[in-house]
Amino acid sequence: MKDRVRKLNDRQERAGAAYVLYWAQANRRADSNHGFAYAAGLANRLGLPVLCYEALTSFYPYANDRLHTFVLEGVPENERRFKQLGAGYVFYLRRTKSDPNDVLYRLARDAAAVVTDDYPTSLTAQHNARVPAKLDIPYYAVDSSCVVPMSRMIKREYAAYTIRPKIHRMLPECLQPVPEIELRRRYTGPVPGFHLRVEPSNIPAIVSCCDIDHSVRPSTAWRGGRRQALRQLEHFLENDLRRYDRLRNEPSAHATSNLSPYLRFGYISSLEIALATLSYGRAHALPTDGFLEQLIVRRALAFNFARFSENPQSLDNLPDWAAKTLRKHAGDKRSPCYSREEFEYARTRDELWNAAQKEMLLRGKIHGYYRMYWGKKIIEWSASCQEALETMIYLHDRYALDGRDPNTYTNILWCFGLHDRPWRERPIFGRVRYMSLDGMRRKTDVGAYIGEIEALERTGQDPYRIQ
DNA sequence: ATCGGCTCGCGCAA
DNA sequence: TGCGCGAAGCCGAT
């Protein structure tokens, strides 16, 4: 636990406080959460209860119905679970600019300390950089993102092969479940007036009165919340783990876990997924290495990249060989060359690319393998690398349920050569790895995927939605 | 269908 | 200092 906690200011615990405040920013769950567990331990030591604070603001770029719905769908069960464990629970939704923006500071007035999630990107990273100095109580950021804590790596890793052996050495020690929470004191304090009670039935009404973009509809495939996350995991283990190694790069086969949206909002932890996978694999004699490589090693590499990068959304992070070769080819002719709108509304002349973009528009996520093709083609068909990068980030910010996180930026920058190696030189890409439609046709069933997405577009019914 | 070449640089063994 | 090796590559030769 020690190597998961960072104290981000130098204040002392306030005496005579009413509670320890746990601010769930990135990890919207009570179970398998090192942050909440740390808050509970601290509260027990101080003889205090824990108050959990979860919030949703409407004022970040491209806030829309899809993201709001996915967050709100998790709230009723979080409220139930935190209370069941003896903690208090407050949910605050800032719907319009005239709603207060100082709720955390109000709650902190009666707190002995603030405990929150350590997270290297998005709003959480901004909050954790700015808020601690404004408080007169301790501010602890706890890393519950990966199986191996970010702090165990002391520098930015060059590629998967440099981090892999280190991760594997630490696994026996890190693959331990988060201890069960036992709060010695129940929260019996008042429920603040700004608390919003969310019920599954009133979510559409709540969303409709927020000052956000209502044109991006909720995902056709994924609903938010911890229960959905656990069902998705169960579905994966029972149906797809056995096919994973063979079919993970065959998008039409649906053999991947689809857990990234749930990991993104912290409805489930990578640690509990890893433990459940190992246990299921052992019980049913199934191979787990391929999936755990993605879940543990690639995820750790992405968080390591975000933690040690000044700006994880910048091409400045590319290795020298990639930056150099892309610069050399910056003047190469792009043909075709599309605008942001042509990309956004899937109006290219490549039916596979359009289908992948439509999957983004409808489901809010592209299959991992085709997403790489999607990114490579945006580079090939954009006026410049910078413009291609901005298009990819924009499309993720606006439409993806798994956007704005370390994996997002690592996957995008991988398309430009990050964590990769050089290959044969060619136009536009230089020595950066190229991907072709012929390659996709050779290796995957492109027609089946296009047909599936066309049917989804036509009917609005997603057969891959887990009920 | 399958294989080697392409090409850089990290990290470890020596 | 030498050497093995790497996220999803392509391409041409066999």
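In what follows, chains are A, B, ... by sequence order, proteins preceding strands, each numbered from 1. FYI, side chains are in, hydrogens and waters are out, and symmetry mates aren't considered; it's all heavy atoms of this structure.
- For the segment residues 288-318 of chain A, the set of residues with a heavy atom within less than 4.0 Å of an atom of DNA chain C comprises A:Q294, A:R298, in numerical order.
- Note on A:K155: a side-chain N or O is less than 4.0 Å away from OP1 or OP2 of B:dG11.
- Annotation: proximity of residues 159-166 of chain A to DNA chain C (heavy atom, distance under 4.0 Å) is found for A:A160, A:Y161, A:R164, numbered in ascending order.
- Take A:A455 and apply the side-chain contact (heavy atoms from CB on, under 4.5 Å) test, not counting sequence neighbours, and it matches A:R458.
- Between B:dT2 and C:dA7, the distance separating the two P atoms is 23 Å to the nearest Å.
- Considering only residues two or more places apart in sequence or on other chains, A:R299 meets the salt bridge (Lys or Arg N to Asp or Glu O under 4.0 Å) condition with none of them.
- Residue A:R433 contributes atom CZ, which lies 15 Å from atom P of B:dC8 at whole-angstrom precision.
- Aromatic rings from A:Y53 and A:Y22 are positioned such that their centres are separated by 6.0 Å or more.
- At a cut-off of 3.5 Å, with distance as the only test, no side-chain donor of A:T410 or A:H419 sits close to an acceptor on the other residue.
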- Query: For DNA chain C, what string of dots and brackets results from 5' to 3' when Watson-Crick and G-U pairs need both distances under 3.5 Å, crossing pairs get [ ], and pairs with another strand get |?
  - Reply: ||||||..||||||
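- Scanning for salt bridge (Lys or Arg N to Asp or Glu O under 4.0 Å) contacts around A:R4 gives an empty result, with sequence neighbours left out.
- In this structure, the salt bridge (Lys or Arg N to Asp or Glu O under 4.0 Å) partners of A:R226, at least two apart in sequence or on a different chain, are A:E272.
- The salt bridge (Lys or Arg N to Asp or Glu O under 4.0 Å) analysis of residues 351-365 of chain A, with sequence neighbours excluded, yields the pairs A:K358-A:E457, A:E359-A:R363, A:R363-A:E452, A:R363-A:D462.
- Less than 4.0 Å separates DNA chain C from at least one heavy atom of each of the following residues of residues 355-378 of chain A: A:Y369, A:M372.
- Among residues two or more places apart in sequence or in another chain, the ring-ring contact (aromatic ring centres under 6.0 Å, His included) test is passed with A:Y345 by none.
- One can place OH of A:Y434 at 18 Å from P of B:dT7, the figure rounded to the nearest angstrom.
- Residues satisfying the salt bridge (Lys or Arg N to Asp or Glu O under 4.0 Å) criterion with A:E341, sequence neighbours excluded, are absent altogether.
- Sorted by residue number, the members of residues 405-424 of chain A with any non-hydrogen atom under 4.0 Å from DNA chain C read A:N411, A:W414, A:R421, A:W423, A:R424.
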